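Here is the structure we will look at.
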Amino acid sequence: MIDNNQEYLQALGLQAKQASYSLASLNGLQKQALLQAIAVSLTESSELIIAANAKDVSAAKANGLNDAMIDRLLLDAERLKAVIADIDNVINLTDPVGTELESQLLDNGLRLSRRRVPLGVIGVIYEARPNVTVDIAVLALKTGNAVILRGGKETLQSNLALSEAIRSAIVSQGLPADCVQLIQSADRSLVSGLLKLNTYVDMIVPRGGQNLQRLCAEQATIPVILGGIGICHLFADKDADIEKSIEVIANAKVQRPTVCNALDTALIHQDIAAKILPKLFKKLAAQGVSFYGCDKAQAIAEKLGFDIERATEDTFAQEWLSLTLGIKVVDDIDEAISHIRAYSSGHSEGILTDNIHASAHFINEVDSAAVYVNASTRFTDGGQFGLGAEVAVSTQKLHARGPMGLEALTTYKWIGVGEYTPRS
């Protein structure tokens, strides 16, 4: 079985590499036509895709997956329509491929420039989000990259239907279907094999939990973009507008709690804790939120008749992905920053304050991919940042950081143009 898996992956890799050569030569108009064809194909296949997703959702429920995972998995008519609409956003984005980053004339007469080019072949490993199949494929094709997709077993039927619609559109444009390939097996050994397919694959993007990130970091022989785990914080400073802060915290927690940019811990300055927490508890509890709080937060909750769980180091280190929120009352901004440094995954943090000195201090001292002043962490998203659909949210520092859009799927080559110029 292992030998067969290796042969299967080698074939996928070779096919992807060959397909990437066809993509690299496409011009902007041809890429636009390709993406439009994909949007049409997905629309025409909507009933099949939704039916396939219903099978996945039914199986997930039967297997006892929690509500957060099922919400990630769901691809109903409304969500599919939104996924297809996002393709237009990507079509309208400027294609970075071919952009000249800089140019200089050397003393020896050589004209030297850097030009953006596709990476080549991208491998993406992801879990219960079928929309990622479309997002990744569209961004990869827009930047001239072939892609090998490995979704979670719980989304296999959805991903098969989506990938077939995409591949059909690719063929309709005279390109090889293998520009987009889906690993059609839940065998975990295929993940490890993909991570070592360095002969053909140029970059791995894992979109999933800590176990997947760790597996990729430890086993890959290919550059890996790590991220997607969001332990996110908002700090309500002593000079925050209490009513407005409550609204931002509620938005960050409740709007869509199952995503990586949802709020996990609210840090509250002790000077305003007695004023803001009663209102915050009441508002969020009415929306189904449960709490883990420090001693001070628990004491305030008890006076109001709220029974909240005791927060621990383990709960503060938890990415909730649910209607659960950690609360910690801190002495000052520096304690808030220390807490973030201890527990943050480097994804998204924010300060709520009307004090410009406090906001500047927070921005300078907090080292995460996205740092906000008086805004929700829910903005950390490729679409919100104007990048179109995103590949992932990178929490590392090399090559790409934060929401990864088109430019993150390119590299560059040096081009030297001379007059039969020898090196002296």
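Basis for what follows: all heavy atoms, side chains included, without hydrogens, waters or symmetry-related copies. Bear in mind that the values here come from a model prediction, so they are computed numbers and not experimental data. Here, residue 1 is the first one in the sequence, and each next residue gets the next number.
- With contacts defined as side-chain heavy-atom distances shorter than 4.5 Å, the pair Gln184/Leu160 qualifies.
- Screening residues 34-43 for salt bridge (charged side-chain N to carboxylate O under 4.0 Å, His left out), with sequence neighbours left out, gives no hits.
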Inset, instruction - Test Lys142 against Asp88 for salt bridge (charged side-chain N to carboxylate O under 4.0 Å, His left out), laying out the working first. - result: CA-CA 12 Å; Lys142 174 80 172 186; Asp88 285 336; over 6 Å; no
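- Ring-plane geometry between Tyr372 and Phe379 is classed as tilted, the angle between the planes lying from 30 to 60 degrees on a 0 to 90 degree scale.
- With Ile148 as reference, Ile183 is the one residue of Ile183, Ile122, Leu182 to meet the side chain to side chain contact (heavy atoms under 4.5 Å, CB included) rule.
- Residues Ile268 and Ile276 meet the side-chain proximity criterion, which asks for heavy atoms closer than 4.5 Å.
- No donor-acceptor pair closer than 3.5 Å links the side chain of Asn63 to the backbone N or O of Leu65.
- Ring geometry for Phe235 versus Phe362: interplanar angle under 30°, hence parallel rather than tilted (30 to 60°).
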Under 3.5 Å, side-chain donor or acceptor atoms of residues 409-424 against the rest of the protein: list the pairs with distances, not counting sequence neighbours.
from	atom 1	to	atom 2	distance (Å)
Thr410	OG1	Arg116	NH1	3.0
Thr410	OG1	Glu407	O	2.7
Thr421	OG1	Glu419	N	2.9

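- The existence of a salt bridge linking Arg129 and Asp135 is excluded, since no basic side-chain nitrogen approaches an acidic carboxylate oxygen closer than 4.0 Å.
- Looking at heavy atoms from C-beta onward, Ile229 lies out of side-chain contact with Cys260 at the 4.5 angstrom threshold.
- From Thr324, atom OG1 reaches atom CG of Leu263 across 11.5 Å, with rounding to the nearest 0.5 Å.
- Here the straight-line distance linking atom NE2 of His269 with atom CD of Glu335 works out to 9.5 Å at 0.5 Å rounding.
- Sorted by first then second residue, the side chain to side chain donor-acceptor pair (under 3.5 Å) pairs that include residues 41-58, not counting sequence neighbours, are Asn53-Ser158, Asp56-Ser158.
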